[in-house]
Amino acid sequence: MSETADPPVLHARALRKEYGKGEGLVRAVDGVDLDIRAGETVAIMGPSGCGKSTLLHLLGGLDRPSGGEVLLNGRRIDNLSEKALARMRRTDVSYVFQSFHLMEELTAVENVELSALLAGCSPRTARRRAEELLDQLGLAGRSKFLPSALSGGQRQRVAVARALSNEPLVVLADEPTGNLDSAATLDVLQLFDELHEYGQTLVIVTHDARIAATADRMFSMRDGVLIDETRLTGGTNGKLGALVGLED
Amino acid sequence: MGRILLVVRLALRDLRQRRTEAALLMIAILAATTTLTLGLVLREAASDPYESTRAATNGPDVVAHVARPTDLALLEELATASGVTAHSGPYPVIAGRLQAAGRTSDVQVEGRDATIAAVDQPEVTQGSWVSGGQVVLEAAFADALDVNVGDPVTLGGKSFTVAGVAVTAAMPPHPAASCIVTTGCVNGAIPQGRNLPARLLHNPGLVWLTQAEVRSLALTQGPMSYVTNLKLADPGDTQAFVAANSGALIMQTWQDILAEATDLAKDSQILLLIGAWLLGLLAIASLSVLVGGRMADQTRRVGLLKAVGGTPGLVAAVLLAEYLLVALIAAAAGLVIGALTAPLLTESSAGLVGSAGTPSLTWSTIGLVTAVALGVAVVATAVPAVRGARSSTVSALANAARPPRRTGWLIAVSTRLPVPLLLTLRLTARQPRRVVLGVVSIGVTVSGIYVLLALNTFLGDQPGTGAYSEAQVIVLRHVLGVWMGVLLALAAVNAIVITWATVLDNRHSSALTRALGATPGEMSTALAVAQVLPAFAGAVLGLPGGFALFAAINAITGGDGDRAVLPSLWQLLTLVVGTVFAVAVLTTVPACIGGRRPVTETLQAEPA
Amino acid sequence: MRQEVVLAMLAKEPSHGYQLRARLREALGPLGDAMNAGHIYVTLTRLEKAGLVAVEVPADGADRSDRKAYGLTPDGQQRVAEWIAEVSWPKPDLAEFHLKLVAAASAGLADPLTVVDTQRRELLRRLRDAQRAAMAESARSNAALLLEGIVLRLQADLRWLEACEQNWTHRRSGS
Ligand SMILES: Nc1ncnc2c1ncn2[C@@H]1O[C@H](COP(=O)(O)OP(=O)(O)OP(=O)(O)O)[C@@H](O)[C@H]1O
Ligand SMILES: [Mg+2]
């Protein structure tokens, strides 16, 4: 398959992260190997506290591993300086956080353009791109709203727009539907699906099987280890009827 | 009982959890209480120095002296005159010259007994009282000459050791001493080109020897005069006594001495009081930053406590317990530090103000300082408790730690700037009130320094013009220097405290900004510049502020402000640049720590 | 699919076989694609034999099966009414899977956790397909509603698998 020939966008080998010492030692991530190819959507599921968030932080260079290596587009990032990591986050990796983490005093469009401004875009370009993104995410009329005036689903879409504003290689999403109801979850689901169609590389940590099911591959994580990989593509192949009792 | 335990436990747990905030609050209250203690202690020390000296030394109501030994009988007669209740003397006095470590000064040498006199027993502030071969110096004079206990001095060709330093109420402190020698004296600066009669004493100091030694010195040094100290039945009516008994006698009443003595003390007292006011303003600035920040923080906590079933009463009790604990510790520490440092300040001016002994804590000072600390605690409790009790639990919970403000135009302007400045402006836009406090704090400091500079140049011109002698100028400059030190120290603490509070309040948005790609360097720069810009504004505003303050001081003291030389342009420039530079240096460390905090911990711990 | 479903689709008016099929497809959306045309005709024939439907031969008298219109007999109508009033519900056959795990563990046939994992993979694939199909539908269509039902059931099944996994992990570490 041509898929395997591509070099992975994100590659982790024997990745480890430990907190504390002695008795209190916690192996939050304990030897993870992972390859993520361009355009792929990968989901990571697992019980609370198994190390999903920690793994995501390591993959995006938001935290430093205790051991192992992470390569982004073939370049090692686990030993970069804080400054280089910050530069990398401007253009190559972006996050969608569980609790949105929007700046409360900035309007939707100001939140979205912030990362572009940090990356040194001209104010006009940054604003135009932010407006476009909000438009695409169905928030055109809400761009001047403060986050406090937006619903949970709308806030999450603003957060996604912010993550996309610098056209990152990889988007890392931590529980993107963590505190949304099922209608808002569907919105986000649709959004991720569109991103997937568009060819965006996505890593999603989630508790929600529905979100995980939109992925190409899904990993189960337990106690800091990826225990199981499921390729979800090429599944039932049109035998949906069997699911409702129309076929045997 | 169980309830009290619960309240204390909750309060302690909260303090432990927010150690940095608690420590900062403690420092701010500590600075305020220390300053207040200092101010109060010094005010008491300075307010009535002559009275306290008079009480401590059993000072005379009238001092009488005769210029010729033949008139000695008159003095003895006077001691038994009607209305006199006690007396000491007559004591012999001669004029002389004292040499100490290369310095020479005219002196009036009074012969005293080693035993304690009934009237005017000078209060020894250092060392011990006279004995054979030993001399005691009047405190202000010893200061001016820079002579200490144990130093060797020469007097009338004979060598003595300095036994001690003492204050007296029978004569205004050096260099305003009244003249009790036959040869006569002149005080103050001598205008250029005028020659004084050779025997006239110039700015004489007062020293004490034993009577025997004075008499033996008199053999070589010239004529003796005599002085007697009297206590009257009615100290209020000295005028009548003087009128009834004068003649060949020269008499000075305690009211005359008081007028002379306090004239000198007043200037340094004004300096002390103005310094205390400036320090008070600074302390208020840092307190409002911290307490304000904590109050907003607490509103959310009130919501939490209510949500788990705490009654408004319990919630208020927990908050109050917390603040009381911090405030009491800070008040106690402030009182101790203030009391310990006050002598450092007054030591130099002790001789000048003629005060006996070191200033000490009075109950009223302790009460006032504690009351202020507790007042801060109560206000800091009442506002969030009432706000929290009134608001619904839900809205109190939803309330972000310190709801950031939105200053739209600043945010819009910031987009056009380089990243560090962009971040700076946004920090500023979030907390405009804090910026104002930063400006005020630096403005007050710079105003203070402006006044000190103006006074310093003013003093520098004095020895030539006559209002102050060189020794006084040195003493006053020392007082100014110490105040400057305290002012700068408090301003420095303020700068650090405000920066640190900013770091703490913005840790979430800083972490988020860094997750979006700001480098630690950019974040630290932004945090530091956010302090430096207000500092610059404060420094610039402090210059007219200082001018106004100086004018106000002149108005209050009735001083000749017109003659005062204001600080030169280059001094002002240095002041502004120096202030900005100092603030930059001080804020670097907290800003660097703030800019480098681990991103993930903050983001996970505190949902926006 | 039960005979009564076909019967009920005829309750509105007598229809040709192809009309019946179109109606079913509309209600089922993409799931209707999987429906076997032959299956419907077999069912109709059976219903005719049972006297629940009657064939109404068209006027031209031609006897081509695809031109035949089917209508309900009174018996048929009664049967439909009974069916509508019924409260039967498909019973999920969880016991089978549960026993599979027990048997696998006791006889050492397989690791129950592996069995759970394999099963989960299968369910996730189904979920993904159902999900994709649902997202392709317009929100208020009949098919979208049906697919939502599938998604929700699969989610419930996946949760039960999670419980199975935790339970068997405990048993293993306990023993
Ligand atoms: N800063 C830290 N210090 C100590 N231990 C930590 C720290 N951060 C995480 N841990 C521990 O690491 C483990 C993994 O944490 P992590 O946040 O990655 O879990 P998670 O899978 O994301 O959980 P959840 O689904 O609840 O978000 C947990 O046991 C947690 O207690
Ligand atoms: Mg997590």
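By convention in this document, chain letters (A, B, ...) are assigned in the order of the sequence lines, proteins followed by strands, and residues within each chain are numbered from 1.
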Under 4.5 Å from any heavy atom of chain B - which part of [X]:
X: A:L146; value: side chain
X: A:F97; value: side chain
X: A:L118; value: both
X: A:R127; value: neither
X: A:S122; value: neither

Shortest non-hydrogen separation from [X] to [Y] and the atoms involved:
X: A:T41; Y: A:I204; result: CG2-CD1, 4.0 Å
X: A:L106; Y: A:N111; result: O-ND2, 3.1 Å
X: A:D223; Y: A:D30; result: O-CB, 4.3 Å
X: A:V9; Y: A:T201; result: CG2-OG1, 4.4 Å
X: A:L137; Y: A:R157; result: O-NH1, 3.0 Å

Of the listed residues (B:P598, B:A515, B:S509), which shares the most heavy-atom pairs with chain A below a 4.5 Å separation?
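Going by pairs under 4.5 Å, I would pick B:A515.
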Is there side-chain contact between [X] and [Y], with heavy atoms separated by less than 4.5 Å?
X: B:L427; Y: B:L423; result: no
X: A:N73; Y: A:D92; result: no
X: A:L80; Y: A:R87; result: no
X: A:I44; Y: A:L55; result: yes
X: A:V158; Y: A:F100; result: no

Is it the side chain or the backbone of B:T407 that comes within 4.5 Å of chain A heavy atoms, both, or neither?
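Contact with chain A involves no heavy atom of B:T407 at all.
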Steps toward side-chain contact (heavy atoms from CB on, under 4.5 Å) verdict (A:M221, A:L226)
CA-CA 4 Å; A:M221 192 164 181; A:L226 297 182; 4.0 Å; yes
If the contact rule is any heavy atom under 4.5 Å from chain A, which residues of residues 585-595 of chain B qualify, in numerical order?
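Those residues of residues 585-595 of chain B which would need a heavy atom under 4.5 Å from chain A do not exist here.
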Any residue of residues 520-538 of chain B which, by heavy atoms, sits under 4.5 Å from chain A
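Contacts with chain A: B:P520, B:E522.
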Among A:K83, A:M88, A:E113, A:R124, which residue forms the greatest number of heavy-atom pairs with chain B at distances under 4.5 Å?
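Max contact count across the listed options: A:K83.
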Could you check whether A:E167 pairs with A:R129 (Lys NZ or Arg NE/NH1/NH2 to Asp/Glu carboxylate O, under 4.0 Å)?
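Result for this pair is yes, salt bridge flagged.
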A:R64 and A:E82 ion-paired at < 4.0 Å:
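So A:R64 pairs with A:E82 through a salt bridge.
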